[in-house]
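Worksheet for the structure shown next.
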Amino acid sequence: MAAKRKLHEPGNSSKNNVGPLAKKGHWSLGLKASMDDPELRVDRDEMVVIIKDKYPKARFHFLILPHESIPNLKALSRDHLPLLKHIEKRGVELAEKSSKALKFRFGYHAVPSMSHVHMHVISQDFDSPCLKTKKHWNSFTTDYFLDSKDVIEQIEQSGKVAVDQSNAGQLLKNPLVKDFCQSTLHWCSVQPHVSQLFEQHLVSQEHFDFSV
DNA sequence: GTTCTAGAAC
DNA sequence: GTTCTAGAAC
């Protein structure tokens, strides 16, 4: 029997190709492949690898992953504090190098889709065509986004990270505006793509002052 | 994580 | 008719 061949193979164009790794594993392991992708890799040291997010949600959006394979935030303990602090330090350095004008945040998604703990380094312009959905927006602007600083502090105090999974899921579905308006207005400048998203959800921009 | 799509909602 | 959403596939 001849091997089945797809008539159409999206994502297999030369540009989108992940590289020599022809067969990719389950999608949730994608970060593992990205770590080895020279196109995405920014830097590495003895503890971490720094890559560009494949679908950046802002002008600067990086991921910092430890070589050590840590499945999720629940697996973190006091043993990881030196690593977590190193990750944050590398993130801050990277942000300063990337842009002095833009504000950045450093942190973790409460319930990430991709396995292997990774810290996001993301500028707060949110100016990217990849930022398309309410879920995207909420994952970076609600409590779904856990600041590295707070994660570290929590582990120092209690030895672990508490994540309310059901609540986290709900955060992604929440309406865009109210949380945004109350808590994130002061540090966020909103760019056209986001404005579009807001319009889509019937939010009037008149309610907001988008200047920093 | 993204993309595609059927069904709901408008 | 269009837009929005949730679910499955990848």
Side-chain angles (χ1 to χ4, degrees), chain A residues 3-42 48-66 69-75 87 91 105-123 126-146 148 163 165-180 192-205:
Chain A
K4 274 192 283 184
R5 197 177 351 164
K6 287 181 185 173
L7 293 173
H8 180 56
E9 294 181 295
N12 202 24
S13 64
S14 56
K15 190 181 178 185
N16 235 345
N17 204 336
V18 190
L21 306 168
K23 45 180 175 182
K24 35 183 180 177
H26 189 261
W27 59 262
S28 67
L29 300 175
L31 284 181
K32 204 72 179 168
S34 295
M35 286 172 79
D36 298 328
D37 185 348
E39 286 283 312
L40 294 176
R41 187 186 298 158
V42 174
V48 302
V49 175
I50 304 177
I51 62 175
K52 288 188 274 192
D53 192 292
K54 201 169 177 181
Y55 299 92
K57 304 303 187 294
R59 288 181 59 196
F60 297 97
H61 186 183
F62 306 98
L63 305 178
I64 304 186
L65 309 92
S69 184
I70 305 169
N72 53 51
L73 296 178
K74 278 192 164 189
I87 290 174
R105 280 183 86 190
F106 315 92
Y108 303 84
H109 279 159
V111 186
S113 301
M114 309 288 265
S115 69
H116 300 299
V117 163
H118 53 281
M119 188 188 78
H120 292 266
V121 177
I122 182 166
S123 58
F126 296 112
D127 177 17
S128 166
C130 296
L131 183 61
K132 298 174 179 173
T133 68
K134 178 160 75 171
K135 185 175 166 181
H136 291 154
W137 177 259
N138 282 345
S139 74
F140 287 101
T141 61
T142 68
D143 289 342
Y144 192 88
F145 190 90
L146 308 171
S148 169
V163 177
Q165 282 215 333
S166 57
N167 182 50
Q170 188 54 47
L171 284 172
L172 296 180
K173 294 177 181 173
N174 281 348
L176 287 169
V177 196
K178 288 175 181 167
D179 289 350
F180 167 73
H193 291 112
V194 175
S195 303
Q196 209 172 2
L197 179 62
F198 273 58
E199 280 170 26
Q200 196 175 25
H201 288 269
L202 302 176
V203 175
S204 167
Q205 291 188 36

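Every chain is numbered from 1 and lettered A, B, ... according to where its sequence line falls, protein lines coming before strand lines.
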(request) Sequence neighbours left out, what passes ring-ring contact (aromatic ring centres under 6.0 Å, His included) with A:F145? Give chain and number order. (result) A:F140

(request) Grab the OH-C1' distance between A:Y144 and B:dG1 for me, whole Å please. (result) 10 Å

(request) Grab the CG-C1' distance between A:L172 and C:dA6 for me, whole Å please. (result) 14 Å

(message) Within the 4.5 Å heavy-atom criterion, are A:P112 and A:N72 side-chain neighbours or not?
(response) no

(message) If I take atom NE2 in residue A:H61 and atom C1' in nucleotide B:dT2, what distance separates them, rounded to the nearest angstrom?
(response) 14 Å

(message) If I take atom CG from residue A:N138 and atom CD from residue A:Q170, how far apart are they, to the nearest 0.5 angstrom?
(response) 10.0 Å

(request) Under 4.0 Å between any heavy atoms, over every strand shown, what does A:K57 touch: base, sugar-phosphate, or nothing? Just pick one. (result) sugar-phosphate

(request) Mind calculating the distance between NZ (A:K135) and C1' (C:dA6) to the nearest angstrom? (result) 11 Å

(message) Return the CD1 to NE2 distance between A:I64 and A:H120, rounded to the nearest 0.5 Å.
(response) 11.0 Å

(message) Of the listed nucleotides (B:dT2, B:dT3, B:dG1), which one gets closest to any side-chain atom of A:K132?
(response) B:dT3

(request) Take atom NZ of A:K54 and atom P of C:dC10, then tell me their distance rounded to the nearest Å. (result) 17 Å

(message) In this structure, how many angstroms lie between the P atom of B:dG1 and the NE2 atom of A:H116, rounded?
(response) 14 Å

(message) Considering every strand and a 4.0 Å limit on heavy-atom distances, what is the contact class for A:H109: base, sugar-phosphate, or nothing?
(response) sugar-phosphate

(request) Give the rounded distance in Å between these two atoms: CH2 of A:W27 and P of B:dC4. (result) 17 Å

(message) Without decimals, in angstroms, what is the distance between A:W137 CH2 and C:dT5 P?
(response) 17 Å

